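Shown next, in structure tokens, is the structure this report addresses.
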Amino acid sequence: MISVQSAPFDLGDIANRFAAAQSGAGALVTFSGVVRGDAGLIGLEIEHYPAMTLPAIEDMVGAARARFGLLDAWVIHRYGRLAVGEVIMMVAASAPHRKDAFAGAEFLMDYLKSRAPLWKKEHRTDGTAWVDAKDSDEESLCRWD
Amino acid sequence: MISVQSAPFDLGDIANRFAAAQSGAGALVTFSGVVRGDAGLIGLEIEHYPAMTLPAIEDMVGAARARFGLLDAWVIHRYGRLAVGEVIMMVAASAPHRKDAFAGAEFLMDYLKSRAPLWKKEHRTDGTAWVDAKDSDEESLCRWD
Amino acid sequence: MITVVYFAWLRERIGAGREQIETQAETVAQLVAELSAIDPYHAAAFADLRSVRVAVDQVLTDFDAPLAAAKEVAFFPPMTGG
Amino acid sequence: MITVVYFAWLRERIGAGREQIETQAETVAQLVAELSAIDPYHAAAFADLRSVRVAVDQVLTDFDAPLAAAKEVAFFPPMTGG
């Protein structure tokens with residue numbers, strides 16, 4: 001299941017639905033990204049490229065499944081305005097063994113961070129600013145080359 | 001929160017309670033281990049050393065928090081008889097950034113696998129057998145040295 | 001005729017998310033040169049191409065890519081999803 | 001007097017999860033030698049120490065460890081939690 005949506009979602013509900021949908025998995029890993037309450041931050045605004053986002057994420061999920069033998073992988077990503085503490089996105093990955101489930105989830109996160117067409121803008125008490133891509137995210141992606 | 005229990009638990013409920021308990025976290029990682037339905041497997045029986053299990057896991061959680069700057073880490077582990085498909089255990093880790101949340105959860109899993117006083121016995125259609133420790137689990141643990 | 005779309009600060013700097021362009025450009029780089037000549041806002045948006053990424057028909061590519069029969073070219077900053 | 005506890009296949013092989021032992025052993029290894037002499041079941045349990053782990057007063061240690069004032073010594077196979 002891949003969803004790019006403005007509506008909030010319940011991470012526990014998704015985790016349970018993901019678990020229930022698996023067969024043969026011994027390991028389930030989830031990652032959830034949350035709007036971190038840094039000093040002065042009011043919230044995030046997330047923009048995306050609707051015609052490209054879903055196909056790009058589908059490609060990443062396909063690559064992760066093939067590379068790590070994942071049994072399944074789900075991605076949910078929100079766009080629009082999010083308040084501090086809200087869940088931005090979630091990845092779930094299942095595999096027979098834990099190593100592949102962890103690696104698959106990390107691989108997906110690295111690709112989503114730097115290759116999915118989404119952009120974050122911070123709304124702060126002192127103004128707004130687009131979030132700069134981090135060198136560390138690009139380096140994190142390189143380790144899968 | 002650390003719990004060693006025979007009762008089943010709802011992983012989505014734990015994931016939501018963990019998320020709600022965090023403050024300042026940008027990244028939440030959960031791992032859930034499930035009884036994999038290998039051919040001939042009826043279920044697992046998990047034995048543990050009650051006087052040692054909780055303090056041993058507390059030490060691991062303390063080490064993970066210190067090493068990766070985790071904001072929080074929860075461990076729930078079941079013992080007793082589990083059927084195929086049941087959740088054996090769950091780890092949740094939170095950190096400001098994803099790298100530490102992933103590493104903290106993997107570190108905890110490696111230690112729980114090989115250093116927490118728990119033992120799995122397989123009940124199979126053709127008999128019972130204690131699960132052998134895997135060399136790969138010991139090697140996985142060594143990477144944190 | 002090609003559709004050009006912009007996201008994030010490129011969209012804000014140019015003042016539009018989408019425009020139709022009549023062009024003979026054969027590569028992305030040639031299209032960028034034409035777009036930069038439209039007005040100072042476009043010029044500013046493309047002033048430092050190290051901060052600009054491009055997708056042709058919704059597939060990430062680079063500035064040397066041919067446009068061929070492309071219908072939609074998108075320009076945006078490095079992604080910050082996740 | 002020391003309490004010795006066994007888990008998993010060591011418990012099954014010895015046929016008991018717990019026993020009280022009167023011992024003058026100064027190290028875990030000396031205790032193992034005494035326990036092995038009790039009967040063939042104990043001997044079998046300790047036949048290959050590469051497959052046995054030990055905790056003294058609920059802390060993992062090794063066979064060289066002193067018993068000192070230890071109250072409880074546990075023997076078990078390599079752990080298979082998680």
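Computed from a prediction, not measured in an experiment: that's the story for all the values here. In what follows, chains carry the letters A, B, and so on, assigned in the order in which the sequence lines appear, proteins first and then strands, with residues in each chain numbered from 1.
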Notebook entry, point to check: What part of D:Arg11 lies closer than 4.5 angstrom to a heavy atom of chain B: side chain, backbone, both or neither?
Noted result: side chain
Next item on the list: Assess whether atom CD of D:Gln20 is packed by more than 12 heavy atoms of other residues, nucleotides or ligands within 6.0 Å.
Entry: yes
Next item on the list: State the OG1-CH2 distance between B:Thr128 and D:Trp9, to the nearest 0.5 angstrom.
Entry: 14.5 Å
Next item on the list: For the residue pair B:Lys113 and D:Thr80, establish whether any side-chain heavy-atom pair is separated by less than 4.5 Å.
Entry: no
Check: Side-chain contact, heavy-atom cut-off 4.5 Å: D:Phe7 with B:His48?
Finding: no
Notebook entry, point to check: Just by modelled atom types, is the D:Ala8 backbone N or O under 3.5 Å from a matching donor or acceptor in the B:Glu47 side chain?
Noted result: yes
Notebook entry, point to check: Side chains of B:Leu112 and D:Met79: closer than 4.5 Å at any heavy-atom pair?
Noted result: no
Note to self: Do D:Pro77 and B:Trp130 have side chains that approach each other closer than 4.5 Å (heavy atoms only, starting at C-beta)?
What the structure shows: no
Item checked: Sub-4.5 Å side-chain heavy-atom contact between B:Tyr49 and D:Gln58 -> yes
Next item on the list: For the residue pair D:Arg53 and B:Arg115, establish whether any side-chain heavy-atom pair is separated by less than 4.5 Å.
Entry: no
Next item on the list: Output the option from B:Lys120, B:Met90, B:Glu45 having the highest count of non-hydrogen pairs under 4.5 Å with chain D.
Entry: B:Lys120
Check: Donor-acceptor pair, B:His77 side chain versus D:Gly81 backbone, under 3.5 Å?
Finding: no
